[in-house]
Amino acid sequence: MWILILAIYQAPPDAVDYDGPWQFWMTKVAEQHYASEAACRNDAVQIIGRIHQGMLAPVRFRCVELEASLPKGAPR
């Protein structure tokens, strides 16, 4: 399974047509889990497109693969 992590950066509050430098602001983890990296990346591009309709801040993303299940006796 894959999860999507978004990192959002922000400009100073008084910035207009700001070109950086940008400071890290927050992370968001998508609620949905993905069956493939391609599906994760596709959703990331769509989410970033929606974010950019309201704010043109840099957004970076990572698709991270995790085990969908663990076997009996897995370390805790």
ask   = Can you find a pair of side-chain heavy atoms, one from Tyr9 and one from Trp25, that are under 4.5 Å apart?
value = no
request  = Enter the distance from Arg60:CZ to Ile8:CD1 here, rounded to the nearest 0.5 Å.
outcome  = 12.0 Å
request  = Using side-chain contact (heavy atoms from CB on, under 4.5 Å) as the criterion, list what pairs up with Glu37, not counting sequence neighbours.
outcome  = Trp2, Arg41, Cys63
ask   = Could you state the interatomic distance from CD1 (Ile51) to NZ (Lys28), rounded to the nearest 0.5 Å?
value = 9.0 Å
message = Applying side-chain contact (heavy atoms from CB on, under 4.5 Å), can you list everything that pairs with Pro13, at least two apart in sequence or on another chain?
response = none
task = Calculate, to the nearest 0.5 Å, the distance between atoms CZ and OG1 belonging to Arg62 and Thr27 respectively.
result = 12.5 Å
ask   = Other than Leu66, what residues sit in its cluster of Ile, Leu, Val, Met, Phe, Trp and Tyr side chains whose heavy atoms are under 4.5 Å apart, directly or through others?
value = Met1, Ile3, Ile5, Val29, Val64
ask   = Who passes side-chain contact (heavy atoms from CB on, under 4.5 Å) against Ile48, sequence neighbours left out?
value = Leu6, His52, Val59, Phe61
request  = Mind checking side-chain contact (heavy atoms from CB on, under 4.5 Å) for Gln46 and listing every partner two or more places apart, or none if nothing turns up?
outcome  = Asn42, Asp43, Arg50
inquiry  = Checking Trp22 now: which residues fulfil ring pair (Phe, Tyr, Trp, His ring centres under 6.0 Å) with it, not counting sequence neighbours?
reply    = Tyr18
